[in-house]
Amino acid sequence: MAIVGIDLGTTNSLAAVYKDGRAQLVPNQFGELLTPSVVSVGKDGRAVVGRIAQERLVTQPQDTVARFKRKMGTDAVYNLGGRRFTPEALSACVIGQLVADAQEFLGERVDEAVVSVPAYFDVAQRAATKRAGALAGVRVERLVNEPSAAALGRHFSNEGAVAAAAADGYPPDETFCVFDFGGGTLDVSVVDCFDNVVGISAVAGDNHLGGGDFDLLIAQEACRINGIGLNALEASQRETLLREAERAKRELTDRDSHAFLRSSIPALPQVLHLTNKRLFELAEPLFTRIDRPLKQAVYDSDVPAEEISRAVLVGGSSRMPVVRDYLERLLAVPVICEEDCDVAVALGLGTYVGIKQRARGVDSLVLTDICPHSLSTDVRNPHPPFEPLASVLIPRNTTLPASSSRVYANSQVGAREARVAVYQGENVYAKDNKQLAELMVPLPRNASEQEAFTVTFTYDINSILGVEVRVHSTGEVTRRVYNGSSWDEG
Ligand code: AMP
């Protein structure tokens, strides 16, 4: 029974296993390590994944979809080749393909996957990711936050053992910052490593900021100099232009000076000349958005900024010189971006698979993680403006698994039911946070006064939420687990 680690990216996905005493990346059928996270459905109703699907983004845009990770945990539906797909069903297609590649690589059946998710994924997005695994026919017991996987991959060498890692020049004890900038998400984490424990002490991020935003800016600029709006183009032309923009962006990384976007679209005859300086100007609003999670993570970690030894850059977008320059100017520590920055998460997952399989050399390693959002319920506010307040049970950045209880009283004497709502977010007023769900709990029939009840929130190792309500007068207990859209019996 084998386990595979899956880095399910917005743009590309990778698989890793633990084999011959080390984490190894799994090549796909083309011998490539990166499989584009693109799904296309043919006339026969068959879904194809990866490079072939990516080519169809241009030839069959109506039956092909990319970047669906951004919609995980929502009600979005895609109609492809006459079939309806949810974002999790599309993710299941990608997982299924990577599992098949891993089976081929290992020569044995894979029935379990450890899947990485952005640290900032909320409960609904995490639950959707787990369901995607189940749809693909693999058990997903553990979701690992992408930056935590990257930290594991970076702190311990490929050989896995702490001693070997130390010998490779990584100090066994250190605090560093992981800046994980992918195609569609940014996560910043502060990582504390001591002895055999890699612990995440704070995370902050932006679920809607990534390399794709740079592509969009470049595409918009190409349209602007041609006096046309991006939305004036047909869907397939927009897709073509976005790919051309992405190519120009990469060219700018590789050549570090100039890039030219000569579009194949007739409506865009004017060539866009790009420099990193110009890209920096265009992307200024994006850089402002990068600042916030960086400062937040360092502040939340309670680690004095001078104790942070380095910033480790991972994710494809970290390769951009404008991003590296910006971080070097902003941070007072070495900014490290290794050649393989887009496979760091997958390598860390491979190491995690080794830990899970209790493989020699890595069996004593421990990865601790934290919850990324505060969880609260709403309580009455007796003061103006009388907006219900958020009463926090589990503050963000609490180490997982976590559990916390508080006693509340029903505000209406004689009410037959108590309402317990669950919110996620950091705002003082409940309404400003995201309401995840609400649970109605029966109260005794003849309650003559305010009923007291104890509410317990639990967050398991995967940040999956459980709620328990115990009514004091009857001792009756209601237990539920939130599956991302509704409650399951606990
Ligand atoms: P990831 O989700 O980590 O695979 O990152 C994918 C993102 O990284 C995409 O937006 C790519 O365009 C971007 N990317 C990959 N390689 C480069 C590069 N050499 N220069 C700039 N961006 C890159």
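Atoms within a ligand are numbered from 1 in the order they appear, just like the ligands themselves. Predicted model only: the values in this text are computed from it and were never measured.
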Next item on the list: Report yes or no: is the cationic atom of R84 (NZ for Lys, CZ for Arg) closer than 6.0 Å to the six-membered ring centre of Y78, at no more than 45° off its axis?
Entry: no

Margin query: Going by the rule ring-ring contact (aromatic ring centres under 6.0 Å, His included), which residues pair with H208 if we only count those two or more places apart in sequence or in a different chain?
Written below: none

Check: Is the Lys NZ or Arg CZ of R126 less than 6.0 Å from the centre of F121's six-membered ring, within 45° of the axis?
Finding: no

Check: Would a distance-only check, ignoring hydrogens and angles, find a side-chain to backbone donor-acceptor pair under 3.5 Å from T74 to A76?
Finding: yes

Next item on the list: Identify whether NZ of Lys or CZ of Arg in R292 sits under 6.0 Å from the centre of the six-membered ring of F287 and within 45° of that ring's axis.
Entry: no

Notebook entry, point to check: If you take all heavy atoms of L261 and L241, which pair is closest and at what distance?
Noted result: CD2-CD1, 4.1 Å

Check: For ligand 1, what are the residues with a heavy-atom contact below 4.0 Å?
Finding: T11, N12, G182, G183, G211, G212, E246, K249, R250, T253, G315, G316, S317, R319, M320

